[in-house]
Amino acid sequence: MRLQNKVLIVTGAGSGIGRATSLKLASEGATIVSSDYNEATAMETADLIQKAGGQASYCKADVSKPEDIRNLIDQTVAKHGTLDGIFNNAGVGDVRSFEEHTPDYYNHVISVDQFGVYLGIYYASKKMKELGVQGTIVNTASIFGYTAAKGSFAYQAAKAAVVMMTKSAALELADDGIRVVAVAPGFIDTPIIKDGDDFKDFLADQHLSKKLIQPEQIADVVTFLFSSEASAINGQTVPVDDGFLIFKRA
Ligand code: ADP
């Protein structure tokens, strides 16, 4: 049990990486506040944790709204007595042409994927400083914070910002004993991508193993990053990309 007595918030906890990570963190002894703007899925994640014998509550929050994040953090401390960290994981972003990157769409992606991560870092660190807690912040970046592909203009801008915010925040918060790190996932297996689909094979081929990455494989690394085993990792984004970033495609 590497995270006994830790109280951790997970945003975007209703599906994919957020759900798998919530379950894994809870299995290591952490109390999880499962948060998502989809209240039903946030509640389901908390239920799954409780059914597995773990501790969890849920709280609806839209990560792009300062008042929601302030409330999420206040509710967490009111309910569980402290705050030891946050996984800033909620995200949006579909593949669309540059012409379809209207100002409204661009602003939406930035408000969730970039501003939302800033809000999580800002309010969680403020609260941990008030409480005198030397906590950990983990952010979800992406391989597309490092390299570009057509169709993800806004997402890539936001994720590159997450990589840099992780460095900047680590520097700003080091004197308070707060560590800030990130993961950069490759292509994740989600129910939207069906077996036998050509697109699934194409994405899988981008990895050295020729397989998509399971959310649980990201969860394992995030759990390690929250643990004291990772105490010497700070400001870095850890690629969990099955080799995606290391080689040039033909
Ligand atoms: P991944 O495969 O990377 O985990 P998903 O799309 O499955 O991606 O998960 C992203 C999660 O983030 C979803 O549960 C979604 O409801 C949540 N989410 C999206 N936008 C927001 C937002 N503005 N505030 C909070 N949660 C959000």
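Start at 1 and go down the list; that is how both ligands and their atoms are numbered. We're numbering straight along the sequence, starting at 1. These numbers were taken from a predicted model, which means no experiment stands behind them.
- The cationic atom of Arg96 (NZ for Lys, CZ for Arg) lies less than 6.0 Å from the six-membered ring centre of Tyr105 and within 45° of the ring axis.
- Distance check on atom 8 (O) of ligand 1: every protein heavy atom falls at or beyond the 4.0 Å cut-off.
- Every heavy atom of Thr41 sits 4.0 Å or more from the atoms of ligand 1.
- Counting heavy atoms under 4.0 Å from ligand 1, residue Val92 touches it through the side chain alone.
- Under the 4.5 Å side-chain heavy-atom criterion for grouping Ile, Leu, Val, Met, Phe, Trp and Tyr, Val33 is not connected to Met43 through any hydrophobic cluster.
- At least one heavy atom of Ala61 sits closer than 4.0 Å to an atom of ligand 1.
- The protein heavy atom nearest to atom 1 (P) of ligand 1 is Ile17 N, 4.1 Å.
- In summary, the aromatic rings of Phe153 and His101 are positioned with their centroids under 6.0 Å apart.
- Using cut-offs of 30° and 60° for the angle between ring planes, the Phe187 and His207 rings count as tilted.
- Near Val112, meaning under 4.0 Å from one of its heavy atoms, ligand 1 places the atoms 20 (N), 23 (N).
- Nearest to atom 24 (N) of ligand 1 among the protein's heavy atoms is Val63 N, 3.0 Å.
- Among all protein heavy atoms, the one lying closest to atom 18 (N) of ligand 1 is Tyr37 CE2, 3.6 Å.
- Among protein heavy atoms, the minimum distance from atom 15 (C) of ligand 1 is reached at Asp36 OD1, 3.5 Å.
- Checking side-chain atoms of Asn139 against main-chain N and O of Ala141 turns up no donor-acceptor pair under 3.5 Å.
- Every N/O-N/O distance between Ala13 and ligand 1 stays at or above 3.5 Å.
- Residue contacts with ligand 1: Thr11 is excluded, as none of its non-hydrogen atoms falls under 4.0 Å.
- For atom 5 (P) of ligand 1, the closest heavy atom belonging to the protein is Ser15 OG, 3.3 Å.
- The nearest protein atom to atom 10 (C) of ligand 1, hydrogens excluded, is given as Gly91 O, 3.7 Å; this is a heavy-atom distance.
- Minimum heavy-atom separation, Ser15 to Asp36: N-OD2, 4.5 Å.
- Enclosure of atom CD in Gln236 is not indicated, since only 12 or fewer non-hydrogen atoms of other residues, nucleotides or ligands lie within 6.0 angstrom.
- Put simply, the side chain of Ile86 does not reach to within 4.5 Å of the side chain of Leu8, judged on heavy atoms.
- Protein heavy atom nearest atom 2 (O) of ligand 1, with residue, atom name and distance: Thr190 CG2, 3.8 Å.
- Residue Glu28 qualifies as enclosed at atom CD: its count of foreign heavy atoms under 6.0 Å is above 12.
- Note that NZ of Lys24 is 12.5 Å distant from CZ of Phe224, once rounded to the nearest 0.5 Å.
- If you check which protein heavy atom lies closest to atom 23 (N) of ligand 1, you get Asp62 OD1, 2.9 Å.
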